[in-house]
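A short worksheet on the structure shown next.
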Number of protein chains: 2
Amino acid sequence: MHSKITDTLKKHQLSVTDSRKKILSFFLQSGNALAHADIEHKSGTEFDRVTIYRTLQTFVEKGIIHTIPTADNSIRYALCKDECVEGHHHDDHVHFICDECGTTYCLDHVSVPKVKLPKGFKAAQTDLVVSGTCNNCEK
Amino acid sequence: MHSKITDTLKKHQLSVTDSRKKILSFFLQSGNALAHADIEHKSGTEFDRVTIYRTLQTFVEKGIIHTIPTADNSIRYALCKDECVEGHHHDDHVHFICDECGTTYCLDHVSVPKVKLPKGFKAAQTDLVVSGTCNNCEK
DNA sequence: TACAACAGTGCAACAATGTTGCAAAATAAT
DNA sequence: ATTATTTTGCAACATTGTTGCACTGTTGTA
């Protein structure tokens, strides 16, 4: 019998280690995007900082998580949908960053509109990031 | 007689100093977005690294330049259009980052479409960043 | 133009973030 | 169970960004 976490790692041809299981579980638990620093705090001294960097890198390469562009200098990561495979992401949904609480949401049901580019420009990826107030912070 | 550069600084209530004139001139010359590192290279040892940080910060606050979100860890800055004033940016155009040459373009004539957000989410700002191949790099 | 008030700069020291090489440990394959 | 392979932790380092303070340049006023 395999847990969902172990399954996911195996499906992406990754050996199953403590740090990978733990870090993947953080993403599954939180549901929202996490920055390197978040994971470092959550895991305390359990893993080396370097291991976290390398694990996140590996997850991105294997298509388990994707990065979200932000205007401040912090890279955030979020779980990919199932269609993402190694070397090829399909994350065409909108991201929302709350200015109040800092939470980053993947709005899976809001898709990025096609934009018309000037002559000679070829789009490979399109990212749409909205910032404002989320449904928790506004009342 | 005033140069355009001096005028711009004065219009934004900034005292006119060598570093500000020089850094603003870099933006006017290049036409594209610049990262902190670009400016550091262009200016050599002329200014302290700290001065460049503070100048860019000031320019953003005063509405002379705006930041562009990127998925890698580098903040890029580009000149604002004239409608940007202190504390209130109006940069609703699409940004394009070339994967080949790294150049970042402001596509002033491509505007960001309105997106429909889930209940409870209020948008303050919307950034759309496209990456791919620019008209210089493709042939 | 000269002077006072103020704003901006450079330096130093520091904090945070990210990278690399290598030996030890854990995982996978046989 | 043993070997081959992968991953981890450590140490050292590079890069990037921040803060306080003394000094310098800029601005406004006479």
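Labels below follow one simple rule: chain letters A, B, ... track the order of the sequence lines, proteins then strands, and each chain is numbered from 1.
- In this structure, the CG atom of A/Asp18 is 14 Å from the C1' atom of D/dT6, given to the nearest Å.
- Distance CG (B/Asp72) to C1' (C/dG18): 13 Å, rounded to an integer number of Å.
- Using modelled atom types, one finds no donor on one side chain facing an acceptor on the other under 3.5 Å when comparing B/His36 with B/His41.
- The CD1-P distance, from A/Ile75 to C/dT19, rounds to 8 Å in whole Å.
- Ranking D/dT27, D/dT6, C/dT19 by closeness to the A/Val50 side chain, first place goes to C/dT19.
- In this structure, the NZ atom of B/Lys22 is 12 Å from the P atom of C/dG10, given to the nearest Å.
- Side-chain polar atoms of A/Thr70 and A/Asp72 form a donor-acceptor pair below 3.5 angstrom.
- One can place CD of A/Gln57 at 14 Å from C1' of D/dT8, the figure rounded to the nearest angstrom.
- Listed nucleotides C/dT19, C/dT9, D/dT7 differ in distance to A/Arg20; the shortest reach to its side chain belongs to D/dT7.
- Among the protein residues, A/Ser19 comes within range of the sugar-phosphate backbone only, with heavy atoms under 4.0 Å from sugar or phosphate atoms but none that close to a base.
- C/dA16 atom P lies 15 Å from atom OH of B/Tyr53, rounded to whole Å.
- Distances from the side chain of A/Thr51 to the nucleotides D/dT16, C/dT9, D/dG9 place D/dG9 closest.
- Between the side chains of A/Thr55 and A/Arg20, not a single donor N or O lies within less than 3.5 Å of an accepting N or O.
- At the heavy-atom level, B/Glu40 lies nowhere under 4.0 Å from the strands shown.
- Listed nucleotides: C/dA12, D/dT7, D/dT26. Nearest to the side chain of A/Thr17: D/dT7.
- At the heavy-atom level, B/Arg49 lies under 4.0 Å from base atoms of the strands shown.
- Rounding to whole angstrom units, CG of residue B/Asp48 and P of D/dT19 are separated by 15 Å.
- If you check every strand for non-hydrogen atoms under 4.0 Å, B/Arg54 touches a base.
- Taking atom NE2 of residue A/His36 and atom P of nucleotide C/dG18, one finds them 6 Å apart after rounding to whole Å.
- A distance of 6.0 Å or more separates the ring centres of B/Phe59 and B/Phe27.
- Under the 4.5 Å side-chain criterion, counting only non-hydrogen atoms from C-beta, B/Lys21 is in contact with B/Val16.
- With C/dT9, C/dA7, C/dA28 as the candidates, the nucleotide lying closest to the side chain of B/Ser15 is C/dA7.
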